[in-house]
Enquirer: 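Quick one: the structure is below, and I'll ask about it shortly.
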Amino acid sequence: MVDVISQFLTSGSKLTDAIELFGTDFELANISIATILVTLLTAAVCGAVIYLVYRFFNRSVIYNENFNILVILTTIVTSFIIMTISSNVVLSLGMVGALSIVRFRTAIKDPMDTVFMFWSVGEGIAIGTKFYDIAIISAIIIGVVLAAMGAFKFKGTRPYILILHYDESASGQIKQMVKQLPSPRLKSKTVQRDGIEMTLELRLKDNETGFVEKFMRVEGVYDAALISHQGDIVS
């Protein structure tokens, strides 16, 4: 009986020590309205920088406006979540437990979109912890780097796919014209009863696409299509 009472008193003292240790963390820190406004406005400004960089220097075939708006909202939402839990250990542990059971199944098709998503989350974390100087300097430097990369790509060549559908009688002339193209790579060739379909991969500048009309002047060519694409196509 004495052992049971001593164990109860020992566990009670440990519980008291734990409450005293985390007692100050059960109350949220006094965050002023001015701090909240500065944090959210800074997050909105940094999110707008990410929005503009993605809007004008995005190299995807299809521009996704919804994803770009999501980038701004992610920066703002992350900043106020971090601002809320940064001063409360118990709340932060509960937030981690809640987020661990949430699964986001939206697939990001372009790898560069992942960079912008991590950028917005990083900005939100830095702003939420009141490291405004780090957030602003990082937004400027990363924005300049991505803008420079986008501008450099505008001046270079892009990958294109040339699809030709022609009659077998025009094969000889088509081969001669293909040899004159800049570094053509044969991706596929399909022979059908109504003709031949050939797919070529090219790297061209924007002002070098006038040769497509020349293929259509060849007798026996049914159609010619030039498609811009990102990355390599697996043959």
Enquirer: CD1/Ile125 to CZ/Phe118 distance, rounded to the nearest 0.5 angstrom?
Expert: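 If we round to the nearest 0.5 Å, Ile125:CD1 and Phe118:CZ are 10.0 Å apart.
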Enquirer: Measuring from atom OG1 of Thr199 to atom CD1 of Ile227, what distance do you get when rounded to the nearest 0.5 angstrom?
Expert: 8.5 Å
Enquirer: Check the hydrophobic clustering (I, L, V, M, F, W, Y; side-chain heavy atoms under 4.5 Å; chains of links allowed) and say if Ile136 and Ile82 are grouped together.
Expert: no
Enquirer: Determine the minimum heavy-atom distance between Ile196 and Lys189, stating which atoms define it.
Expert: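 The answer is CG2-CE, 3.8 Å.
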Enquirer: Run the side-chain donor-acceptor check on residues 170-180: report pairs under 3.5 Å with partners two or more places apart or on a different chain.
Expert:
unit_1, atom_1, unit_2, atom_2, d
Ser171, OG, Glu168, O, 2.8

Enquirer: Roughly how far apart are Ile142 CD1 and Cys46 SG, rounded to 0.5 Å?
Expert: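 It comes to 10.0 Å.
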Enquirer: In the structure I gave you, are the side-chain heavy atoms of Leu164 and Glu197 within less than 4.5 Å of one another anywhere?
Expert: no
Enquirer: Within a reach of under 6.0 Å around CD1 of Ile33, are more than 12 heavy atoms found that belong to other residues, nucleotides or ligands?
Expert: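 No, CD1 of Ile33 has 12 or fewer neighbouring heavy atoms, counting only those of other groups under 6.0 Å.
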Enquirer: Only pairs under 3.5 Å count here: list side-chain donor-acceptor contacts from residues 213-222, not counting sequence neighbours, and write none if there are none.
Expert:
unit_1, atom_1, unit_2, atom_2, d
Tyr222, OH, Asp167, OD1, 3.3

Enquirer: How long is the straight-line distance from OG1 of Thr75 back to CD1 of Ile50, given to the nearest 0.5 Å?
Expert: 4.0 Å
Enquirer: If Ile, Leu, Val, Met, Phe, Trp and Tyr residues are connected whenever their side-chain heavy atoms lie under 4.5 Å apart, and connections chain through other members, are Ile137 and Ile127 in the same group?
Expert: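 No.
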Enquirer: Using the six-membered ring wherever Trp is involved, compare the ring planes of Tyr54 and Phe116 and label them parallel, tilted or perpendicular (cut-offs 30° and 60°).
Expert: perpendicular
Enquirer: Answer yes if Phe56 and Ile72 sit in the same cluster of Ile, Leu, Val, Met, Phe, Trp and Tyr residues linked by side chain heavy atoms under 4.5 Å apart, and no otherwise.
Expert: yes
Enquirer: Under the rule for side chain to side chain contact (heavy atoms under 4.5 Å, CB included), what residues qualify as partners of Leu226, not counting sequence neighbours?
Expert: Tyr160, Leu162, Leu204, Thr209, Phe211, Val212
Enquirer: Got a sec, which residues hit side-chain hydrogen bond (donor to acceptor under 3.5 Å, both in side chains) with Glu65, two or more places apart in sequence or on another chain?
Expert: Tyr51, Tyr63
Enquirer: Is Ile134 isolated, or which residues cluster with it under the ILVMFWY side-chain rule of less than 4.5 Å, directly or via members?
Expert: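 Noted: Ile134 shares its cluster with Phe131.
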Enquirer: What distance do Met198 atom CE and Lys187 atom NZ have between them, rounded to the nearest 0.5 Å?
Expert: 14.0 Å
Enquirer: If I compare all heavy atoms of Ala126 with all of Ala135, which pair ends up nearest, and what's the gap?
Expert: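 Distance-wise, the nearest heavy atoms are CB-CB, 4.0 Å.
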Enquirer: Do Glu201 and Leu186 have side chains that get closer than 4.5 Å, going by heavy atoms?
Expert: no
Enquirer: Under 3.5 Å, which donor-acceptor pairs link side chains of residues 38-45 to any protein atom two or more places apart or in another chain?
Expert:
unit_1, atom_1, unit_2, atom_2, d
Thr39, OG1, Thr35, O, 2.8
Thr39, OG1, Tyr132, OH, 2.7
Thr42, OG1, Val38, O, 2.6

Enquirer: Just how far is it from atom CG of Asn68 to atom CG of Asp113, taken to the nearest 0.5 Å?
Expert: 9.0 Å
Enquirer: Pairs in or reaching into residues 119-131: which pass side-chain hydrogen bond (donor to acceptor under 3.5 Å, both in side chains), with residues at least two apart or in two chains?
Expert: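 Matches after skipping sequence neighbours: Trp119-Glu123.
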